[in-house]
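When reading the values below, keep in mind they use all heavy atoms of this one structure, side chains included, and skip hydrogens, waters and symmetry mates. Chain naming here is simple, since letters A, B, ... match the order of the sequence lines and numbering starts at 1 in each.
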Amino acid sequence: MNVKQQDKLATGILYTIAGIIILVLASLLAFILIQGLPHVTWHFLTAPARSFEAGGGIGIQLFNSFYLLVLAMLISVPLSLGAGIYLSEYAKKNWLTSLIRTSIEILSSLPSVVVGLFGFLIFVIQFKFGFSILSGALVLTVFNLPLLTRNVEESLASISSMQREAGLALGLSRWETVMRIIVPEALPGITTGMILGAGRVFGEAAALIYTAGQSAPALDFTNWNPFYIASPLNPMRPAETLAVHIWKINSEGIMPDAVAVSAGASAVLIVAVLLFNLGARWFGQHLYQKMTGTGKKGA
Amino acid sequence: MDPIRESLLKVSHQAKLERRGRIIGLFCISLIVIVVAAIFYFVASRGLATFYHDKINLWDFLTKQAWNPGTKDSHGNPAVGALPMIVGSFLVTIFAAIVATPFAIGAAIFMTEISPRRGMQILKPVTELLVGIPSVVYGFIGLTVVVPVIRQLFGGTGFGILAGTMVLFVMILPTVTSMSVDALQAVPRYYREASLALGATRWQTIYKVVLRSATPGLLTAVVFGMARAFGEALAVQMVIGNAALLPHNLVSPASTLTSILTMGIGNTIMGSLENNALWSLALILLLMSLVFNLLIRLIGRKGAMK
Amino acid sequence: MKDYDLTKTAIKTFDPEVQEIALSTDDLHVFYGSKEQIKGVSLQFPRYQISSIIGSSGSGKSTYLRSLNRMNDEIQIARVTGKIMYRGLDINQPKIDVFEMRKHIGMVFQRPNPFAKSIYDNITFAPIRHGVKDKKVLDQLVETTLQQAGLWKEVKDTLHKSALALSGGQQQRLCIARAIAMKPDILLLDEPASALDPISTSVVEDTLAQLKAHYTIIIVTHNMQQAARISDYTAFFHQGVALEYAETKRIFTKPAIQATDDYVSGHFG
């Protein structure tokens, strides 16, 4: 076989590989959406789940997923901003900083089940938060912090140092310069990273089974007092999320329509991830245009 | 007195802000470091209790095959042999990497060298989207599609190493692919131009120039995928069968460290041997993720030296 | 490159009784890591005059300028020793509030670096942070500084448009306006016209000539004609040493040092 033929053969193989991958991935998406979407009705999205009979929904799980996501982001966004700012603006190049970076890297590569078990040990048992939204939100924060921090740091580092010099030369502190000039300019990148992080949190299950729990007690959607036991906002109640629900009904198999419910729930999850992805892109671009465009007052 | 001169010797509002900002940042970063240290401390102290407190022999733990911490064997020793899970975890990880690597690198070459326009327009967004798909969804598909197919083809239950491998293969494929694309894109354009100008064919250029110089990056991508496969819990747990037995073939029910861990931790009492033994499994997971981390660093350092 | 004797220097000194000194350095050294970039420079800059610093690239002129308002503090590996005297204080010491000092010693950089905000916000940003809240005062400040920087006529109708939409020359004049909005005592300019076209350059030069009435200006430039046109005093830097400092006319007509002569006559290197 001469080199020309080899070249042709290799190209052919590569085309086949690309084709197979697209086929696998497309059929994966198609399977979930075709199986799941017909099942997704208003009733399905709002009704509570049923354990032993068919016809249950995912209403409470869906609410739990969103509530947990909001709480987790409320904690992790400011923390990751602070940590990212420190790394990009204040950290000196020395052994301590490289130790910090290493530990962030290690944290980001830990299996989520290990992070979940740690959360179980600390938040659920030591701090006595029990299986609760709060424990879940805290463990999701641990799970999410390293990636968000790295994203903030990278976004800030991409802004020209000339902007920092401009602020400093006007007698402003580095902190003011960063908070009011650099962060607004880096906002497209930061937001994109945050939304992608939110998508990751939304689909996480392994870290939650032993922290937010695997049960979804009935909620009273008429009482929004966070201290009321059945209030949707009560952070101390156990809260099975959508992703945990899919795992749970498939592992236990007592629900007669488990496959249909899982397919529907998976479709909802995928659509949510899709929306997070598209949202991140759109929002990032929109912000970028707004920043560099016209007539913007203050920041 | 000169007011400017006076003001230079006082502490300005800005200086106070700067101090406050630095403290806030330091607080956030310390919190992360403390959490990492705490994870190591708590998992290690629980995981080591099996050996110190319950006096289990470390070698037995790693090499014995009987896993049933609640009961005792004929010699009166508790049955805590973790070998089946360790073998299971390594098997699914290695198989998944073996299957995924050619596909991932092939797709990456396709996207960067053969058909960048179509590749970037179709393949890239799809892989990026798939990176974000939750692992339970992969597990669910494995359960409803992969397991029945394997049952049809090979008999048995369909649960086992093969099903786990297939699920993990699809799961890590997008990650490895997009990291491989980054690695190939990092190869300077003039390498390719120089090679083509010397009369090499496109395949020769890819094989002898591009792949060679991208090797560290590609290796990193594969190791990264393996780390993800090794630590994946629920998707694998849903399809592997969760029998703490050494697998005698690819389609018999088996288990991984993560699957036994997720199944068991809720059903044991804190501080008991059953529970401690599970934490020892978690400790192995933790240490393995350190090993993968170290590997990636080593590859990076080797690559930088070249 | 020719080797010049770096120990033979001709530095003009002033009698403080006759000429008020705004800023001076005494045996200033700057190290980047272990490399000595500035090797003991002592210069005096008279008030309400323009002093320029010339020299080839790598002569240390920008490094020296950046030390004057301690911008080198922000570079981790940089270390500055020696005295920087300002209002009877050595400002090169930790007890001096560096932020307060920079309010009085402003700086304009080589490449225009407006904030990604509106023209109006670019100018008012720092004054607001330093406590000026009155809208009328701020409006007035924007108008005066833009007029002083020679930009008012061009932008008075687009004050709330993004500063990034301006041309390079306009951006640099905006940066000058932004710097003088702090009402500094001294204005440091680091090759402010190097990225500009000839027309913008001449506008900026006119602006500086007007500003001289209220500000002490120290400007680094690699453009000898520019130094000759606008400055009263000129310092020539070579390899981290100030070899000669004198009235600009003298530097360009009767320099005392061979290196200066070669440089200004184009026989350098």
Side-chain angles (χ1 to χ4, degrees), chain A residues 3-4 6-7 10-11 14 17-18 21-22 24-25 28 31-32 79 82-83 85-87 90 100 103-107 109-114 117-118 121-122 125 142 145-146 149 171-176 199-200 203 205-206 209-210 243 246-247 250-251 259 262 266 269-270 273-274 277, chain B residues 14-15 17-18 20-22 24-29 31-33 35-36 38-39 42-43 103 106-107 109-110 114 119 122-123 126 129-130 132-137 139-141 143-145 170 173 201-204 227 231 233-234 238 258 261-262 265-266 270 282 285-286 289-290 292-293:
Chain A
V3 285
K4 278 269 163 59
Q6 253 182 21
D7 187 64
T11 308
L14 286 172
I17 286 180
I21 288 192
I22 292 192
V24 168
L25 301 185
L28 206 92
F31 175 79
I32 292 289
L79 279 177
I85 288 175
Y86 183 83
L87 279 181
Y90 290 112
I100 292 173
S103 49
I104 289 179
E105 210 167 291
I106 288 173
L107 186 55
S109 68
L110 286 184
S112 57
V113 55
V114 171
L117 288 175
F118 165 76
L121 206 56
I122 296 295
I125 294 177
V142 173
L145 262 182
T149 301
L172 299 172
S173 60
R174 193 164 268 268
W175 180 252
E176 285 169 294
R200 207 165 43 232
I209 341 180
Y210 293 112
I246 295 174
W247 171 75
N250 279 296
S251 313
V259 171
S262 311
S266 297
L269 263 187
I270 297 233
V273 167
L274 200 74
N277 259 287
Chain B
Q14 267 66 35
L17 277 177
E18 184 72 342
R20 200 194 305 162
R22 189 183 285 268
I24 292 173
L26 200 58
F27 170 78
C28 297
I29 204 84
L31 212 61
I32 299 182
V33 177
V35 164
V36 176
I39 291 179
F42 281 106
V43 174
F103 279 96
I109 294 175
F110 184 81
I114 308 283
I122 306 169
L123 220 47
V126 175
L129 172 69
L130 285 162
I133 288 187
S135 60
V136 283
V137 174
F140 166 65
I141 295 173
L143 196 62
T144 47
V145 181
V170 181
L173 184 61
T201 63
R202 181 163 68 178
W203 175 243
Q204 282 175 319
L234 301 187
M238 285 161 90
T258 51
L261 203 51
T262 39
I265 208 90
M270 261 299 163
L285 275 178
L286 192 72
S289 107
L290 277 189
F292 284 122
N293 230 298

What part of [X] gets within 4.5 angstrom of chain B, counting heavy atoms only: side chain, backbone, both, or neither?
X        : result
A:Arg200 : neither
A:Glu176 : side chain
A:Ile209 : side chain
A:Asp7   : both
A:Leu117 : both
A:Leu269 : side chain
A:Ile32  : side chain
A:Leu274 : both
A:Val259 : both

Heavy atoms only, distances under 4.5 angstrom: which of [options] has the most pairs with chain B? Name it, please.
options                                : value
A:Gly199, A:Ser112, A:Ser266           : A:Ser266
A:Ser173, A:Gly203, A:Ala243, A:Pro111 : A:Ser173
A:Ile106, A:Asn277, A:Ile85            : A:Ile106
A:Leu28, A:Leu121, A:Leu25             : A:Leu121

| said: Test of understanding: with ring-ring contact (aromatic ring centres under 6.0 Å, His included), list the residues that count as partners of B:Phe110, not counting sequence neighbours. | reply: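 Once residues adjacent in sequence are excluded, the partners of B:Phe110 under the ring-ring contact (aromatic ring centres under 6.0 Å, His included) criterion are A:Tyr15.
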
| request: Just jot down the side-chain contact (heavy atoms from CB on, under 4.5 Å) partners of A:Ile104, sequence neighbours excluded, or say none. | output: A:Leu87, A:Ile100, A:Pro146, A:Thr149, B:Ile29, B:Ile32

| task | Could you check if a side-chain atom of A:Glu105 sits within less than 4.5 angstrom of a side-chain atom of B:Asn293, using non-hydrogen atoms only? | result |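 When only atoms from C-beta onward are counted, B:Asn293 and A:Glu105 do touch, with a gap below 4.5 Å.
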
I need the [X] [atom1] to [Y] [atom2] distance, nearest 0.5 Å.
X        : Y        : atom1 : atom2 : value
B:Thr144 : B:Phe140 : OG1   : CZ    : 4.0 Å
B:Leu17  : A:Leu172 : CG    : CG    : 9.5 Å
B:Thr201 : A:Lys4   : OG1   : NZ    : 8.5 Å
A:Ser262 : A:Asn250 : OG    : CG    : 3.5 Å

Against chain A, label [X] side chain, backbone, both or neither, depending on which of its atoms sit under 4.5 Å from a heavy atom there.
X        : value
B:Leu143 : side chain
B:Ile114 : side chain
B:Ile39  : both
B:Ala15  : neither

| request: Check step by step if side chain to side chain contact (heavy atoms under 4.5 Å, CB included) holds for B:Trp203 and A:Thr11. | output: CA-CA 7 Å; B:Trp203 175 243; A:Thr11 308; 5.6 Å; no

In terms of heavy-atom pairs under 4.5 Å with chain A, which of [options] leads?
options                                : value
B:Ile24, B:Ile141, B:Ile133, B:Val35   : B:Ile141
B:Ser289, B:Ala227, B:Cys28, B:Gly231  : B:Cys28
B:Ile265, B:Thr262, B:Leu261           : B:Ile265
B:Met238, B:Arg22, B:Met270            : B:Arg22
B:Gly132, B:Ala233, B:Gly21            : B:Gly21
B:Ala282, B:Ser135, B:Ala107, B:Gly106 : B:Gly106

| said: Ring-plane angle category for A:Trp175 and A:Tyr90, please: parallel below 30°, perpendicular beyond 60°, tilted otherwise. | reply: parallel

